[in-house]
Amino acid sequence: MSKTLFEKIAAREIPAKIAYEDDLVLAFHDINPQAPTHVLIVPKKPIVRIGEANAEDQQMLGHLLLKAAEVARALGIESTGYRLVVNNGRDAGEAVPHLHVHILGGRKMNWPPG
Ligand code: 5GP
């Protein structure tokens, strides 16, 4: 099977500004930032989207969220606040079929989202 875009970033086949990496997850700055801070954190396992994750991914998914918070802290956006976004499917605007959590901060966010 061919690698997903985010697997290629993890393999350093496509360059990206890496913010954090461990055995299970990789965080890197979004190429088209929607906020002053916009980082994606992804599992190294190429789960297509959250709706396709299963019980065996439970521990990794917990790790992914805890690391998202740790990355946000390291990027200095914890005190002002940040938003975590997971787009699942067409109506949500999912463009890359490899699960990713957007970490967005550095500006005031609107609610409800667009
Ligand atoms: P989605 O719309 O699927 O939730 O988000 C995909 C995100 O991946 C978008 O914010 C987009 O800017 C980002 N992205 C797409 N291609 C690349 C790339 O080659 N490098 C990086 N760093 N981000 C990318």
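Excluded from the calculations below are hydrogen atoms, water molecules and symmetry mates; all remaining heavy atoms, backbone and side chain alike, are included. Keep in mind it's a predicted model, so treat the numbers as computed, not measured. Every number for a ligand or one of its atoms is a count from 1 in the order of the listing.
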Closest approach of any protein heavy atom to [atom], naming residue and atom:
atom	answer
atom 1 (P) of ligand 1	His100 NE2, 3.1 Å
atom 14 (N) of ligand 1	Ile31 CG2, 3.8 Å
atom 12 (O) of ligand 1	Asp30 OD1, 2.5 Å

>> If I apply the N/O under 3.5 Å rule, does His38 come out as touching ligand 1?
In response: no

>> Consider side chain to side chain contact (heavy atoms under 4.5 Å, CB included). Of Leu24, Leu66, Ile50, which one does Leu61 pass it with?
In response: Ile50

Per-atom contacts, ligand 1 versus [X] - under 4.0 Å to a heavy atom:
X	result
Phe6	8 (O)
Gly93	1 (P), 2 (O)
Leu40	7 (C), 8 (O), 13 (C)
Ile9	20 (N)
Asn32	12 (O)
Ala95	1 (P), 2 (O), 3 (O)

> Rounded to the nearest 0.5 Å, how far apart are CG of Leu99 and CD of Glu52?
Replying inline: 10.0 Å

> Does the side chain of Tyr82 come within less than 4.5 Å of Leu75's, by heavy atoms?
Replying inline: no

>> With a 4.0 Å cut-off on N to O distance, would you call Arg73 and Glu70 a salt bridge?
In response: no

> Do the charged groups of Glu7 and Lys44 touch, with an N to O distance under 4.0 Å?
Replying inline: no

> What heavy-atom pair brings Val42 and Leu64 nearest, and what distance separates the two atoms?
Replying inline: C-CD1, 3.8 Å

> Closest heavy-atom contact between Pro33 and His38?
Replying inline: CA-ND1, 3.5 Å

>> Minimum distance, heavy atoms only, to atom 15 (C) of ligand 1: which one of Val85, Leu5, Val86 is it?
In response: Leu5

>> Applying a heavy-atom cut-off of 4.0 Å, say which part of Lys17 lies close to ligand 1: side chain, backbone, both or neither.
In response: neither

>> Under 4.0 Å, heavy-atom basis, I'd like to know which part of His29 is in contact with ligand 1: side chain, backbone, both or neither.
In response: backbone

>> Taking Lys8's backbone N and O only, do any of them form a donor-acceptor pair with Glu13's side chain (distance below 3.5 Å, no angle check)?
In response: no

>> For Thr37, is there any backbone N or O sitting under 3.5 Å from a side-chain donor or acceptor partner on Arg107?
In response: no

> Hey, is His102 one of the residues with a heavy atom under 4.0 angstrom from ligand 1?
Replying inline: yes

